[in-house]
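What follows is a short report on a single structure.
Throughout, residue positions are numbered sequentially from 1 according to the sequence presented. Remember, it's 1-based here, ligands and their atoms both numbered in the order they're listed.
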Amino acid sequence: MNVTLLSAQTVDSTMVSTTIATDSAANNESILLNKSSASPLISTAVDTTALFADYIIKKPEVDTSAMYKSATYYFMLFFLVCVFVAIIGKVLHVYELSREMQGNKDAFNWRRLQGVFFVFALLIGLYGVYWSYTVHGPMSINESGSVHGERIDFIFNITLIITSIVFILTHILLFGFAYKYRGFDNKKAHFYPHNNALERIWTVVPAIVLTVLVIFGFFTWRGITNVSEEDQKKALSIEVVGEQFKWNIRYAGGDNQLGNKSYKLTSPTNGLGINYKDQKSWDDRLGGEIVIPVNRSVRVTVGSKDVLHSFYIPTLRVQINAVPGMPTYFQFTPRYTTAEMREKRNDPTFDYILLCAKICGSGHYNMQTKVRIVTESEYQEWLAKQPLYYNDDVKKEMQQMTERTIKVGENNKMAINKEVYK
Ligand SMILES: [Cu+2]
């Protein structure tokens, strides 16, 4: 409404009337305004030149390079290729019909041509695989920043090698046979419906290979996630709670024990529902980012306040779901600091990044947080600077709540948090 008023006031009656067709709501309001106005306006004219002055000036500088990356561009390109192929097909069809009309009995052998196309498809496909491995490979397969990551990489590489060999062999056979048995006028297909020995081989061999891989993977995962209670206690305790769309980070503080929590205590001032009656929570610190000391075991308690999220630090080979109402854990030991990793990768901009690996909503992409791996002394220095959850405001609030509870009496419903705080 304000915008419309301003626009109407800037109307110059001598100006050529221009209606902003795209904003019909604004126009309707302008018309209403004109009717009630003391000095009648000629039209709903708006000085678009002034309004869009910036836009008009900037227009020639618009960078169109992004257009070539958009999905619409590629969709249109695909559509054009389809139209082109369809036109060629029609032309060939007309050519074939005209040959038939001229009494030429040897119709064009399409199956033969398709057999040749299969070879092209195989060659293009295999080149694509080679390109993907050489270009995308170095982007995704990098040295792990954590100790257990070595084991994950090992099983990942074995799986990749086996599946790559099978993938390439089966595709050569698939496309190769399509070429070998392409249409020949003098050849007749042999009917070969069944072969027990062949079926046994292609069922049993993949079953054995997959079983070995799955069992191998199961033991690797178990070895990483089954940590003895003694080692659990030794590890530095951090809690990371996901919510749409950020991560809340809590450091256990001097006692290395996180204070208890209850969803019933969640309030605008206590987002995690920390039970401040539990003295273990008094030294818990709020981390603005995740900072972890190198070569020290870290146990992350992962949770969620709303939907499923996933705690994912690819460079550290760490990933575990963040489930509302059920804490999950991941214990790992980083072996290179951020600085060391930058040197190793020869990339001064490198950072460990925490991502959310579940499509959890519109702001999902925004859940990335930097993770800094530092030396022990840097870590201690940083931690000391982080604010406590149990700050003066919380103390005051707790005091007020206690007073109110005493005031309203035992049976009053105002004291809803009483039980949980016990
Ligand atoms: Cu998420």
Compile the donor-acceptor pairs under 3.5 Å between side chains in residues 355-369 and protein atoms, sequence neighbours left out, one pair per line.
unit_1 : atom_1 : unit_2 : atom_2 : d
K358   : NZ     : N321   : OD1    : 3.2
H364   : ND1    : K358   : O      : 2.7

Output side-chain donor-acceptor pairs under 3.5 Å for residues 200-223, partner residues at least two apart or in another chain, one line each.
unit_1 : atom_1 : unit_2 : atom_2 : d
T203   : OG1    : E199   : O      : 2.7
T211   : OG1    : A207   : O      : 2.5
T220   : OG1    : F216   : O      : 2.8

Test salt bridge (charged side-chain N to carboxylate O under 4.0 Å, His left out) applied to D351 and R372, step by step: CA-CA 7 Å; D351 269 310; R372 280 202 296 131; over 6 Å; no
Full working for salt bridge (charged side-chain N to carboxylate O under 4.0 Å, His left out) between K261 and E239: CA-CA 11 Å; K261 279 197 323 182; E239 182 191 54; 3.0 Å; yes
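Sorted by first and then second residue, the ring pair (Phe, Tyr, Trp, His ring centres under 6.0 Å) pairs with a member in residues 331-351 read F350-Y352; sequence neighbours excluded.
When ring centroids are compared, Y179 and F118 stay outside the 6.0 Å threshold.
Shown are the protein N/O/S atoms under 2.8 Å from the Cu ion (ligand 1), given by residue and atom: H309 ND1, C356 SG, C360 SG, M367 SD.
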